[in-house]
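We name chains A, B, ... by the order of the sequence lines, and we start the count at 1 in each one. Atom set for the values below is all heavy atoms of this structure, side chains included, hydrogens, waters and symmetry mates excluded.
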2 protein chains.
Amino acid sequence: MKEGLRERTRRAVRAELAAMATDLFARQGFDETTVEDIAQAAGMTKRSFFRYFPTKEDVVFDGIDLTGESVVADIAARPADEGPWECLHQVLRAWQEEIHASERALATMRLIEATPALTARLLQRRTEWRRRVSDALRSRPGAELDPYTADLLTNAATAVLDAVSGQWARADGDADRRALLDRGFDQVRVALGTGRA
Amino acid sequence: MKEGLRERTRRAVRAELAAMATDLFARQGFDETTVEDIAQAAGMTKRSFFRYFPTKEDVVFDGIDLTGESVVADIAARPADEGPWECLHQVLRAWQEEIHASERALATMRLIEATPALTARLLQRRTEWRRRVSDALRSRPGAELDPYTADLLTNAATAVLDAVSGQWARADGDADRRALLDRGFDQVRVALGTGRA
DNA sequence: GTCTATCATGTCTTCGAGTGACACGTCGAC
DNA sequence: GTCGACGTGTCACTCGAAGACATGATAGAC
């Protein structure tokens, strides 16, 4: 077997650490929790913490990146005759449902929104994420998209997502995210003409 | 007079500090420059530096926020019969020209793009900036925009801006930003119908 | 089973950003 | 002129992050 005791314990400790951290973050806030607090709660040294996570922030984003992967995969899996905008609409709708369904993901989102440092990191990550989504769009069979138009589509899609989040926050969580997303994707339209005029 | 020697020297020292800092950042990079380097170059202590700027990052963004202010003001100044999308187009076109014309602003942009920590801060600030632009759009006389649609418009506009920046970076600075912006605003369309369907 | 290279961990140390506390000097209002 | 507010320097501190080194445990070869 390729998964020896080493990897298994490592993953276990990582999960333990993440659990301790999210618990402490939720209780006393991100900035108010020191790495030493987390390490001590898990029965180890501060130095050892950093052997599992490169930064304190990474504990929060652990497990979030997977969803980004899935978006790229989903794009590739959509029918080829579907337009890119509709493709983004469907994929992101599914992605949003997934987030909405997970209590843990929602709690993480709330923590991120409440912590400026984490918000900054999230936005930073999203830049990378968008580049990959844009590439995925261009790689679809039959898609003749120039890089600029692909970026335009991707950025516009995140524009809709942001607007949904904003409305969601304004309504204090009492809003139909799915309906808002559909409405956003309907209101915003991206033309594909590149060599046309 | 309301401006005593205290305020005058304070502003002078601030400018001096900013000048020293940008010089050092340009020469050896942001991360490679310590606050102590800057303070020492200006003939003061690290502690005193933090009495002028709350963080090292704030030195870079000092003087950048003014442009954000001007965008909001410009929106209010546009003719009332102009549609919101066209309004954003014109205002952001002017804003882009302004940045493009200033050698100092361009250098700052390059520094920000080359430094992940600064990029994150920029994105964070833009969140706040977008909220204000969205509000400005809704405050225009005769504009009947619900918050969601206003956000949609604002976010879509920054989506275009980002795509322009991306293309600009891809072309290694050899691109007609104005033409790209116009093309982006032409390709992306935002419908205003809120109670329509 | 033993032996060895690899890996995880603890301890110590260092660096840089940012803050608090205290003392001293200067500006400015009166 | 006095006195209080403010700016500054100095020292000490916290916290995140990383490097160096020693030690103990483990996996895999023999």
Side-chain angles (χ1 to χ4, degrees), chain A residues 1-18 20-22 24-25 27-62 111-112 115-122 124, chain B residues 1-18 20-22 24-25 27-62 111-112 115-122 124:
Chain A
M1 68 173 124
K2 64 187 171 190
E3 178 142 322
L5 185 126
R6 280 224 161 96
E7 281 92 57
R8 247 182 303 131
T9 51
R10 178 167 179 84
R11 287 211 304 176
V13 173
R14 232 180 114 89
E16 169 93 358
L17 223 36
M20 290 294 170
T22 48
L24 286 171
F25 291 159
R27 288 223 311 272
Q28 31 176 280
F30 181 79
D31 292 327
E32 288 70 30
T33 306
T34 72
V35 173
E36 198 140 9
D37 289 341
I38 305 168
Q40 198 170 353
M44 59 171 62
T45 329
K46 187 178 68 157
R47 190 66 184 89
S48 288
F49 170 90
F50 285 109
R51 292 197 173 102
Y52 287 94
F53 295 98
T55 74
K56 187 169 80 160
E57 285 153 9
D58 281 282
V59 188
V60 177
F61 291 105
D62 192 48
L111 179 66
I112 291 174
T115 313
L118 292 177
T119 312
R121 281 276 183 210
L122 176 70
Q124 196 180 212
Chain B
M1 73 174 121
K2 62 187 171 191
E3 176 143 322
L5 184 118
R6 279 218 159 100
E7 282 90 54
R8 247 182 302 133
T9 51
R10 180 170 176 82
R11 286 212 304 175
V13 173
R14 230 181 115 89
E16 168 94 359
L17 225 35
M20 290 293 170
T22 49
L24 286 171
F25 291 160
R27 287 223 311 271
Q28 33 177 280
F30 181 79
D31 291 327
E32 287 70 30
T33 306
T34 73
V35 173
E36 199 140 7
D37 289 342
I38 305 168
Q40 198 170 353
M44 58 170 63
T45 332
K46 185 179 70 158
R47 190 68 183 84
S48 288
F49 170 91
F50 285 109
R51 292 196 173 105
Y52 288 95
F53 294 98
T55 74
K56 188 168 82 160
E57 284 153 7
D58 280 283
V59 189
V60 178
F61 292 105
D62 190 48
L111 179 65
I112 292 173
T115 315
L118 291 177
T119 312
R121 281 277 183 211
L122 176 70
Q124 194 180 215

* How would you list, by chain and number, every residue that makes a side chain to side chain donor-acceptor pair (under 3.5 Å) with B/Arg51, sequence neighbours excluded? -> none
* To do: For C/dT9, take OP1 and OP2 only and decide whether either is under 4.0 Å from a side-chain N or O of A/Ser48.
  => no
* To do: Please name all residues satisfying ring-ring contact (aromatic ring centres under 6.0 Å, His included) with B/Phe53, sequence neighbours left out, ordered by chain then number.
  => B/Phe49
* **For A/Gln124, side chain to side chain donor-acceptor pair (under 3.5 Å) partners two or more places apart** => none
* For B/Gln28, which residues count as a side chain to side chain donor-acceptor pair (under 3.5 Å) partner, sequence neighbours excluded? -> B/Thr33
* May I have the distance from A/Phe53 (atom CZ) to D/dA18 (atom P), rounded to whole angstrom? => 14 Å
* To do: Can you figure out which of D/dT10, D/dG7, C/dT9 approaches the side chain of B/Tyr52 most closely?
  => D/dG7
Name each donor-acceptor pair under 3.5 Å that joins a side chain in residues 37-47 of chain B to protein atoms two or more places apart or in another chain, with its distance.
| residue | atom | partner | partner atom | Å |
| --- | --- | --- | --- | --- |
| B/Asp37 | OD1 | B/Thr34 | OG1 | 3.3 |
| B/Asp37 | OD2 | B/Thr34 | N | 3.2 |
| B/Asp37 | OD2 | B/Thr34 | OG1 | 3.3 |

* **Contact state string [nucleotides 16-23 of chain C, B base, S sugar-phosphate only, - no protein heavy atom under 4.0 Å]** => SBBBBB--
